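First up is the structure itself, then whatever we jot down about it.
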There are 4 protein chains.
Amino acid sequence: MEFNKVEPIYTQIIEDIKLKIINGTYLPGQEIPSRRQLAKDLGVNPNTIQRAYREMEEKKLIVTSRGQGSFITSDQTIINSLKDEALSRVVSQSVEKLRSFGRSDHEIIELIQKFMKGEHRK
Amino acid sequence: MEFNKVEPIYTQIIEDIKLKIINGTYLPGQEIPSRRQLAKDLGVNPNTIQRAYREMEEKKLIVTSRGQGSFITSDQTIINSLKDEALSRVVSQSVEKLRSFGRSDHEIIELIQKFMKGEHRK
Amino acid sequence: MEFNKVEPIYTQIIEDIKLKIINGTYLPGQEIPSRRQLAKDLGVNPNTIQRAYREMEEKKLIVTSRGQGSFITSDQTIINSLKDEALSRVVSQSVEKLRSFGRSDHEIIELIQKFMKGEHRK
Amino acid sequence: MEFNKVEPIYTQIIEDIKLKIINGTYLPGQEIPSRRQLAKDLGVNPNTIQRAYREMEEKKLIVTSRGQGSFITSDQTIINSLKDEALSRVVSQSVEKLRSFGRSDHEIIELIQKFMKGEHRK
DNA sequence: GTGGTCTAGACCACC
DNA sequence: GTGGTCTAGACCACG
């Protein structure tokens with residue numbers, strides 16, 4: 001994993017784990033790497049990982065128990081809202097990008113529907 | 001401008017100019033940099049620029065007249081088809097990305113329409 | 001037991017025994033430790049214990065019979081007045097503390113009653 | 001300031017500042033010591049102060065701006081809820097303590113009212 | 001082994 | 001000067 005220099009590393013780690021929850025790499029209840037292990041894997045200080053994990057803990061994304069490790073939450077409500085947020089963001093970005101071509105919203109919808117029909121969704 | 005190492009540089013130059021036509025940086029009939037000038041600007045060999053310009057010439061994207069320079073085509077049909085291609089690509093990419101969230105095409109359309117309505121297009 | 005350095009030790013011992021009477025650790029008529037034993041337990045001079053016991057004797061809190069030991073008084077009147085004093089002190093402290101929040105006496109009463117109702121006293 | 005060893009230092013610092021907000025030592029909008037300064041005053045590592053301040057930031061108790069310093073929130077709603085919480089805690093503790101004397105809730109209320117009347121509130 | 005806290009000291013961004 | 005992040009390494013509590 002590579003980090004950019006503008007965002008704090010711990011936020012990039014959070015976003016990475018969020019992404020893995022969203023795309024199904026991490027399933028509800030699944031154990032995630034220990035702080036020490038992940039620190040070694042990413043070549044980062046354990047305290048930086050700790051910071052990321054604690055923030056996820058506060059946001060209820062993971063649950064953690066001393067001596068046991070940390071696990072993705074089993075609360076589907078939280079996971080769903082995570083996915084919904086991501087979906088909303090993609091919808092927003094997609095629409096903005098499509099609008100930049102100077103077509104009306106109505107035309108955009110038509111183009112999308114035409115594409116969907118033509119593709120015979122897999 | 002930065003080049004990646006996998007694609008040939010001349011195709012990357014073509015794509016860059018196409019992008020500038022699509023997003024309006026280059027308008028129909030507008031002069032584009034001379035081969036020699038662009039070669040110096042990008043730090044590449046003039047022959048590479050020549051290759052790019054020749055391909056665009058063949059596709060009628062630009063017209064060149066000896067001793068005058070090179071100009072974006074004034075043929076709206078060509079420019080429109082360029083834009084249409086780009087738009088199609090964006091539509092395709094957007095739909096694929098949206099589908100990856102596991103929602104039905106119908107749901108996707110609804111989400112987009114809801115977003116468009118909510119945004120009060122600028 | 002730990003002693004502070006500002007009050008005399010013998011008064012602290014008295015207060016400790018009073019507290020044990022009030023909270024039921026020592027029941028009426030119950031035997032309390034011998035002077036010698038308590039001196040050893042607390043690591044203080046037997047004369048200090050003697051002083052404490054004598055004062056309690058004077059206040060009729062305990063009765064001592066030579067060769068038998070010392071016992072909490074069986075006189076409920078005395079014990080009750082001890083408890084009443086303690087209760088008064090707690091009432092006073094509580095009200096002062098509650099008043100420090102800047103609420104009126106009326107509001108304080110209401111808050112207490114609301115809490116009592118909400119708690120479903122055990 | 002002295003710290004106990006069971007609670008983390010940073011929570012003790014938070015509680016101390018909360019107390020100062022509640023009892024009016026810190027007023028809304030007032031600047032609080034810089035992290036470095038407080039660290040020196042308390043003989044604690046700046047990172048520990050940072051941890052405390054960040055938690056208070058998240059809970060909107062303080063607002064902070066880089067290069068400027070940190071300030072008690074000016075949001076009265078938050079300050080009031082802080083005070084209400086503290087008051088509730090005191091009410092609860094007081095009632096529990098008073099109940100431990102074996103009197104009925106009704107008797108307790110009467111004792112408090114009698115005390116309030118007798119004191120001629122200052 | 002795990003997580004949680006703390007210290008010491010560094011560097012950067014802001015103003 | 002201020003706050004914010006990161007590293008290196010230590011110690012403790014839990015199981």
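Keep in mind that this is a model prediction, so the values were computed, not measured. Basis for what follows: all heavy atoms, side chains included, without hydrogens, waters or symmetry-related copies. Chain identifiers are assigned alphabetically (A, B, ...) following the order of the sequence lines, protein sequences preceding nucleic acid strands; residue numbering begins at 1 within each chain.
For the pair D:R51 and D:E55, the salt-bridge criterion is met [side-chain N within less than 4.0 Å of a carboxylate O]. Using a 4.0 Å cut-off between charged side-chain N and carboxylate O, A:D84 and B:R103 make a salt bridge.
With sequence neighbours left out, the salt bridge (charged side-chain N to carboxylate O under 4.0 Å, His left out) criterion links C:E85 to no other residue. Under the rule for a side-chain contact (heavy atoms from CB on, under 4.5 Å), the partners of D:S92 that lie at least two apart in sequence or sit in another chain are C:F115, D:E96. Under the salt bridge (charged side-chain N to carboxylate O under 4.0 Å, His left out) criterion, A:K83 pairs with no residue at all, not counting sequence neighbours. Applying the side-chain contact (heavy atoms from CB on, under 4.5 Å) criterion to A:T64, with sequence neighbours excluded, gives A:R35, A:E57, A:S70. Applying the salt bridge (charged side-chain N to carboxylate O under 4.0 Å, His left out) rule to A:E58 yields the partners A:R54; only residues at least two apart in sequence or on another chain are considered. Not counting sequence neighbours, A:K60 has no partner by the side-chain hydrogen bond (donor to acceptor under 3.5 Å, both in side chains) test. By the side-chain contact (heavy atoms from CB on, under 4.5 Å) test, D:Q76 pairs with D:P28, D:I79, D:N80, sequence neighbours left out. Listed by chain and residue number, C:S34, C:K40, C:D41 satisfy the side-chain contact (heavy atoms from CB on, under 4.5 Å) test with C:Q37 (two or more places apart in sequence, or in another chain).
D:Q50 and D:N47 form no side-chain donor-acceptor contact under 3.5 Å, judged by distance and modelled atom types alone.
Within residues 35-50 of chain A, the residues having any heavy atom under 4.0 Å from DNA chain E are, by residue number, A:R35, A:R36, A:N47, A:Q50. Less than 4.0 Å separates DNA chain F from no heavy atom of any residue of residues 52-63 of chain D.
Along DNA chain F, the nucleotide nearest to A:R51 and the one nearest to D:G69 differ in position, and the one closer to the 5' end is contacted by D:G69. Nearer to the 5' terminus of DNA chain F, by closest-nucleotide assignment, is the contact made by A:P8 (compared with the other of A:P8 and A:G67).
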Evaluate the criterion side chain to side chain contact (heavy atoms under 4.5 Å, CB included) for residue pair B:L27 and B:I72; output intermediate values, then yes/no. CA-CA 7 Å; B:L27 298 176; B:I72 302 298; over 6 Å; no

**Request:** Decide side chain to side chain contact (heavy atoms under 4.5 Å, CB included) for B:V91 and A:L98; before the verdict, give the C-alpha distance in whole Å, the side-chain angles of both, and the deciding distance to 0.1 Å.
**Result:** CA-CA 7 Å; B:V91 168; A:L98 287 163; 3.6 Å; yes

Given Watson-Crick and G-U pairs under 3.5 Å, DNA chain F in dot-bracket ([ ] crossing, | other strand) is ||||||||||||||.

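In the 5' to 3' direction, nucleotides of DNA chain E lying under 4.0 Å from heavy atoms of chain D begin and end at E:dT5 to E:dC15.
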